[in-house]
Structures are given as C-alpha cells and as structure tokens.
Amino acid sequence: MTSTIIVGILFAAIILYGAIKSFKNIRNNSCPGCSGGCSQSQRNSCKKMRLEK
Amino acid sequence: MKIGLAGNPNSGKTTLFNAITGKTEYVGNWAGVTVDKKEANLKREYNKNKITIVDLPGAYSIAPFTNEEAIARDFVLGEKPDAIINIIDASNLERSLFFTTQLLELDIPVVIALNKIDILRKHGESIDLEGLSKDLHCEVVSVVANEGEGLKELLSRSIDSADKKTQASPDFSGKGTEGEDQARQAFVKEIITGTFITKRKANEITFSDKVDRIVASPYLGLPIFALIMWGVYSFSINGLGGFLSGYVNDTLFGVVVPDFLNGFFETIGVNTLLQSLIIDGAIGGVGAVIGFLPLIMVLFFCLALLEDSGYMSRVAVVMDRYFKRIGLSGKSVIPMIVGTGCSIPGVMAARTIEDDNERIVTIMLTPFVPCSAKLPIIALMAVVFFPGQSWVFPSMYLIAGVLIIIGGLLLKKILKFESTSTFILELPEYKIPSLKHAFRQMIKQAKSFIIKASTIILVMNTVVWFMQSYSWNFQLATDQNTSILAIVGGIIAPLLIPIGFAGWQMAAAILTGFVAKENVVATFAIILISSDAAIHSMSGPLTELFTPVTAFAFLVFNLFTPPCFAAIGAMNAELGSKKWIVRAILFQIGVGYTLAMLITQIGTPLIYGHLATGFIPAVVVALFVAGILYYLIKKGERIS
Amino acid sequence: MPLYKSKPGDTRQIKNVSGNEKIKKFLFSLGCSQGEDITLISILAGNYIISVKNIRYAIDKNMAKAIELV
C-alpha cells in the first residue's frame, strides 16, 4: 500500500509538472523543448507593428 | 546590465549568443534565421554579475526593411541596452560599417566584434584593428565565435565600455542633410581604405561561383536538390537511423523496459491499476514515440551539415522561378526549409517576406512541410504497411511540394493578389560543414524531442489511458468500445467515413494529434496494447484497422490537415487577425481532407478492385468541395 | 544600360537605381548605390547573381531592370 502511494505521488508530480509546462508553452505558441514561439512582449510588438501599417 | 547583439544578417550573432550564454538557439548559414529577439544570462565564467544578453534579428541598416529588422530597431531605440556588441563578418567589413556608424550615433557604448577572422586570414586579407578602433572611437575585438576564440576579451571590454555609459558619434560632415546616407557611405569608404587590406577582386569568379553554376542551373538545379534530399532521407530513415530505431522500438521499449518495471513494481507491491497506467499508458505511449529518436537524430545531423555548407540559399534561388508562378518568391522557400524541423519557427521565419499577401500565403502553406513531429507517424505506417520500401518518406515530401504548388495556385486564384515583392538574397560562400555544429544541432533536436515526450506527450498519454480504461460512469470499461475515448472518438468518426476510416480509434488518434503530432503514434500504442503483437510489427493490430491504401490516406490526412495547437497559435500570432486564421484552418482542412479522400476512393478500386467504404458520401463531399472552390474562384475574379 | 542586359563577368559602375523608395534604401544599405562597382557573376535559373563589395547576392529580373549601369 505505501509503495502504491509513493509511486502514485511521484507519477502524479511528473504529470503535473508536464501539464503546467505544456500549458505555459502552448500559451506562447510553442511546445515544451521547441525553440520556436514568442513571448508576450514580442507578440505585443508584432501587433503594434501591424497596426502601424 | 543588458547587452544587445546587433549586426548584419548571417554575421554570426546567434552563434556568439549560444557560445556566451550556453543556449542552443537555432543557427543556420543563411540570412534571416533569427526573426525574434532572444534573451539569456551570460555564463558566469565570463562575469560574476547578472548580465542579460539579447540576441537580435540581423539588419543591414537602422531603417527597417522587413518586420524582423524592425524588432532590432525597436530594441536598441526603445529598451536602451547598456552596451551593444556589433558583430561584423570580417569579410564583409565595408557593408557592415554602414550599420555600425548608425549604431554609434545612439549614445550607447558599442564594441565591435570582428567575427570569422579565420576566413579573412585564409583569403590573405587583413584589418588594422587599432586604426579601425581609432577611426570609430570604439573598441574592436577579433573573434571566431564558433571556436570560442576571443570571447573572453570581447566580453570584458564590452562590460568596461558599458560602465562608461556614453559613446562618441562618428565624425563626418553632412549629418541631418538629405545626402546623409551618401556622406555616411563616403565616410565608411575612407575608413576602409585606411584599414582594410585585400588582394581579392570583386569580379573574380571563385570556386563558390563555379559550384553555383551547376547546383543552381536552370535544368540541373531541381534534380540535384531532389537527389540530395532523397540521399539524406534514405540514409537517415532506411539506413542508420532506421536500424537504430528498430532496435530501440523492438528491444528496449518492447521488452527490456516493460519487463524490468513490471518486475520492479511487483516486487514492491504496487497496485495493478497504477502499474498498468504507468507501463501501458505512460511508458507504452512515450516509448512508441521515443523509439523514433535515433532516426530523427541522424536526420537532423545530416540536415545540419547540408545547411551549414551554404547550400540552402541556393535552393531558394532555384525555387524562385517556380514560386513566382504561384505569386510567391524564393524568399518563401526559407520558412519551408525551417519548417522541416518545426512549423512554429517556420511560420515565424515568414517575417522576412515584405509583401503582406505573400507572407500570408507562405504562412498558410508552410505547415504542409512534414515537421519532425510528423516523422514518427510516417515511420510507423511505413514499417507496418510498406516494409522495406524506401519511397514512402520521399513521397511525403514530394506530395508536400505538389500541395504547396497547387495550394499556392488556388490561393492566388481565390485571393487575387499581384505579387509586388522583389527577390533579393545574400549568397554566403560555400564552406566545409562543421561536424561540431552538426553534432550540437543534433543534440539540441534530441533534447527537445525528449523534453516533449516527457511532458506534453506523457500528459496526453495518461489522459488517453484513463479515457480508454474508463466508461462515463467512472467504472473500469469492460469493453474498450464503451470507454470514454470510444465515445469521444465516435462523435467525429462519422466525419471520417468519406475518407474510408471506419472506427473511433482513428478519430481518437487524429484528435490527440492536434495536441502534438507524435501523439498519433502514442495513442495507437495505448489503444492497441491489449493485442499480443507490438504496433510496429507487420502483422500487428494496425493491419486490422487499415489497408495499405487507407494507411497511406491516414498519413496524408495527418500530415496535411492543420498542424498542432502550438503551430496554429503561431500562425494566429503571425497572421494577426481572426479572419485569416479561420481561413487558413479551413484551407488546410479542405486540402488534407480532399486529398486523403481521393487516395482512399480512387486507390481502393484501382488496387483491390472493389469500392472503399463511404464511397457515396465521398462523392457528395467531392461535389460539395468542387462547388465551394468554383464559388470562391468566381468571387475572386469578380473582385479583380 | 540596365544590369539585366550586361554580360556575365562584366564589371561596371552603377549610374542610378530606380523603383520605390523602400527598395532603393534597402539596396543602398547593401552598398548598391550610385558610383559603386557591380559585377554580374552569372545568370542562374532566371536570377542574376551579382557581386557588390565582394559579397554575392541573387536578385530577380525585376530588380536587375531597376539597376542602371554606366
């Protein structure tokens, strides 16, 4: 029983970490590990540039 | 303290950035690889204090020509870094100094890094560093960024300069007048005559030029490109990479890892359900994807070598005439080449295109190029349904090429735009590709693949395992067909009938593919784990779901419908309006769906002599698509 | 005479650059401006390979038409 709980908690922690990381990355139009995507400030500057046109 | 890296395109800014921060940003031997600014901390070995280094897109002048050049301008003018390191490709000194003199006028301390000094020496040229430094009133340091030569000195001098907080402007008459640019040019010329010694003549036909005459010739250009790509892919996929992947799939994740973990969990007495979740769900799914890692590593090693040689710019030149026919130019080739790694930087690389219509069309077409995440799907289907046949991978890239041309033509007809942009591209000199560089790029790709597998793919696999193990009332599903996954998949499954895909399993795999394309493989691995044979075996459970023809159609569907969410997000950010992203997604769905449908419905009677499932609905859909196309093209004509 | 009419291997001075202001400015920043030497290296796949300040560029025919040589 204890081993189930320990393994369960460990696994849940890994999944939670992965989920948070993925969520953050997708918000910046990227995947975890990818070098693409842009930050919020860069997105704003893109938008500004488009409005200037 | 903040230090910005500025300079002409392809002068080595990102190489320097990676060297002094320890990052592994994408580097390529052509102009316009970096299209966004990137920030990171300086390695502590150079300075103990916290110093932020900002890598900027290349620019030829402070007045922006394209969107990414404007990013460099906005940063130096708006965020006022404490110092600017101006990187100059030493062989291109005269052109680079035009931008340098503009940077010197901002009252921000500037230090010049003369990069690629080794190549300069090889050409028998030399630069008088002291003279240059005196003329420009700033420090000049010679470096070789990719070997790490001179970096310590460059940084210590940059930090010292930053402390001075001021920069003397270059001294020439004619500032603020209409002829300022000419005066600046004359000033640069004067400096060059005093400091730059060269024996080379600008009109000399070099070895590079001779190679260009062959690889970019009107008739041989395209066949040579096709041959090189075929060679790279067949070596990586059918050769070394495929061999290593086979081993990892069959032995490591097929037997060794599950056996070890099962034994381990049984010894310590873990609940069997949790054991199943971890081994069948997490390891089973992630393992099916990780198995293709060696293949991807070998492929990206080869591509990095090719890229580093300087060949890719020539591909843009060769493709220009074909792309002109669909209203684009050779510039659109570069986002597509970047897209072979990942569609996100590919879509972003479209910023180097000045013309708005061309940029939009390029953004819509770039995701058609199979990215690295799609390779496991191709590899899986190739192994199961077309074993030993080397045409499957090249055919996907060929179809991508054909779809880009057809898609471009359709968009040109529908959107009715005249191409106004002109094509101009710097051609770097050929060089012997660096193995060190290729190795670094390969490790970077492997790292990103593993991170992806252990985060987003792992999470999705866990979700998929739960959904296929439980039914709606949160009871363990006795029959997989009553599971949550079956019901969710069942909702969109009817839409896939015209393509000949019957079953919720395909729908479920396709859905998870939108989170990350590798999930298509992982989801099959989880759903089909109950069967005895592994999914990538030839007589395995996949053969019950597909015939070779529908398997091919399934591949086409996954590759040429919209990319993953993250890439759709990047398209959205770059297109900049709801209207365009909706159009782009509808366009991509239309293209991928129609092609997959045609393959099933035409291929099945041709090869097996009977009609495929969903023939009648397919005819209806085909008529509908034809009707919409006719309407859109007519509408386009009316507008013009 | 415009650049696109010159022969591969020819080196001449630029007389002027026509076209819109933005492209003119861009070419200027590359050093493609009045009085500068320009060499046509070769014509490949419909593009003109030129050498300015010993740097190679590929430009298309429209741009080659816009550059007038002495």
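As a basis for the values below, the full set of heavy atoms in this structure was taken, side chains included, without hydrogen atoms, waters or symmetry mates. Just so we're clear, the structure is a prediction, and the values are computed from it rather than from any experiment.
Remark: B:Thr455 OG1 to A:Tyr17 OH distance equals 8.0 Å, nearest 0.5 Å. Here the straight-line distance linking atom CZ of B:Phe565 with atom CG of A:Asn25 works out to 15.5 Å at 0.5 Å rounding.
Proximity of B:Asn271 to A:Val7: side-chain heavy atoms (C-beta onward) are nowhere separated by under 4.5 Å. The shortest side-chain heavy-atom distance between A:Ile26 and B:Ile456 falls under the 4.5 Å cut-off. Looking only at side-chain heavy atoms (C-beta outward), B:Ile451 and A:Lys21 come within less than 4.5 Å of each other.
Between B:Val459 and the choices A:Ile15, A:Ile14, A:Leu16, the side-chain contact (heavy atoms from CB on, under 4.5 Å) rule is met once, by A:Ile15.
Here the shortest heavy-atom pairing between B:Gly269 and A:Ser3 reads O-OG, 3.2 Å.
The neighbour count for B:Lys23 NZ, taken as heavy atoms of other residues, nucleotides or ligands under 6.0 Å away, does not exceed 12.
In terms of non-hydrogen atom pairs under 4.5 Å with chain A, the most contact-rich of B:Val35, B:Val338, B:Leu277 is B:Leu277.
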